[in-house]
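Proteins come first, then strands; the chains are lettered A, B, ... in the order of their sequence lines, and each starts at number 1. Predicted model only: the values in this text are computed from it and were never measured. Scope of the values below: all heavy atoms of this structure, side chains included, with no hydrogens, waters or symmetry mates.
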There are 2 protein chains.
Amino acid sequence: MLQELSSNITKQNFGYSFSSFKDNFKFGKLNHIAIVVPDLQKSAKLHKEVFGAECSGEIEIPEHGVKTVFAKYENTKVELLHPLGEKSPIDKFLKQNPLGKVHHLCYEVEDLAEAIVHVKRMGVRTLGKKPKIGAHGKPVMFLHPKDCDGVLIEMEQK
Amino acid sequence: MLQELSSNITKQNFGYSFSSFKDNFKFGKLNHIAIVVPDLQKSAKLHKEVFGAECSGEIEIPEHGVKTVFAKYENTKVELLHPLGEKSPIDKFLKQNPLGKVHHLCYEVEDLAEAIVHVKRMGVRTLGKKPKIGAHGKPVMFLHPKDCDGVLIEMEQK
């Protein structure tokens, strides 16, 4: 359905297309900021004991190749990520940024299928054609960083 | 006063010091995520017309060498930054990251002086010795990215 819909939409030039289009779509809350870190326990301590955030325990998600800790702040969360296993999708990212680096920003959307149609219609590319089940069990879709000021954006079904 | 206090605090090794220290300090809200962008108007359109955020107009802050647009989301803001003038402090950052990149994360704190003493006591370095007045008229202090997983953190007086 999604693919069918989006294939009917002519891809427009990003810099100019969206100004001519108005609808009521909008991102909801910033669910989390994901940061890839070199030492998960040390980072968890930083967020818990220096910044005062409420932190989860360490969670291994083998199917996504990551270990994670969530740090909860007043209005949003920080997701600390570290590679798990040999073929982790964030292994190269950490090697390129050994101190750590912001990996992505995740926004909630009311209706992921609608959101995908909307962003594509506005000329923003998605990574992959179909939503996947994200690390937290909800459908997600990533947007191409080249269309979003070099920042990887995750849209997560609310 | 701040300098006097902090000079009395022995700098401890970051990896081990903070686990032995407990108090009730904590960061408040994530006030904003700052992103340095190559084209401020295009980025403002992305946040307004693709992501549906409420955006401010373009604001020039010559004393900080930046032009900025704020994009307001349900629970936090994104601050889009672009260099202004020849000696902008973010000029090199944009040259190194021509697509754009997350520049810093800003958290609110109830009492900036107390926050500075706290983070230093925990072994996290600040950039500069004294708070400065930030781009939005409030006292701010930045934390050293090398002590914060490669991420530049701004603490802002609430």
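- Interface remark: of the candidates B:Thr76, B:Asn97, B:Val36, B:Thr76 forms the most heavy-atom pairs closer than 4.5 Å to chain A.
- With a 4.5 Å cut-off on non-hydrogen atoms, B:Leu30 touches chain A through its backbone and its side chain both.
- Counting only heavy atoms from C-beta outward, the side chains of A:Lys101 and B:Lys101 approach each other to under 4.5 Å.
- Top candidate by heavy-atom pairs under 4.5 Å with chain A, chosen from B:Leu80, B:Leu99, B:Asn75, is B:Asn75.
- If you take CD on A:Glu54 and NZ on B:Lys26, they are separated by 8.5 Å, rounding to the nearest 0.5 Å.
- Atom CZ of A:Phe27 sits about 6.5 Å away from atom OH of B:Tyr73, to the nearest 0.5 Å.
- No path of Ile, Leu, Val, Met, Phe, Trp and Tyr side chains, each step under 4.5 Å between heavy atoms, connects A:Val69 with A:Ile61, placing them in separate hydrophobic clusters.
- In terms of heavy-atom pairs under 4.5 Å with chain A, the best-connected choice from B:Ser43, B:Pro98, B:Pro38, B:Ala53 is B:Ser43.
- Atom NZ of A:Lys42 and atom CG of B:Asp149 lie 8.5 Å apart (nearest 0.5 Å).
- Taking hydrophobic clusters as Ile, Leu, Val, Met, Phe, Trp and Tyr residues chained together by side-chain heavy-atom distances below 4.5 Å, A:Met141 shares a cluster with A:Ile33.
- B:Ile153 and B:Leu127 fall into different hydrophobic clusters, where Ile, Leu, Val, Met, Phe, Trp and Tyr are joined by side-chain heavy atoms under 4.5 Å apart, directly or via other members.
- Around atom CD of B:Glu86, no more than 12 heavy atoms belonging to other residues, nucleotides or ligands sit under 6.0 Å away.
- By the 4.5 Å heavy-atom criterion applied to side chains, B:Leu46 and A:Asp147 are not counted as neighbours.
- When side chains are defined from C-beta on, A:Phe51 does not count as touching B:Val109, because their heavy atoms never get closer than 4.5 Å.
- With hydrophobic clusters built from ILVMFWY side chains whose heavy atoms lie under 4.5 angstrom apart, A:Val78 shares a cluster with B:Val124.
- Side-chain contact between B:Leu143 and A:Val50: absent, with no pair of heavy atoms (C-beta onward) separated by less than 4.5 Å.
- There is a path of hydrophobic side-chain contacts, each under 4.5 Å, that joins B:Ile59 to B:Ile90.
- In this structure, the side chains of A:Val102 and B:Val151 come closer than 4.5 Å at one or more pairs of heavy atoms.
- Annotation for B:Glu58: atom CD counts as buried by contact number, over 12 foreign heavy atoms lying within 6.0 Å.
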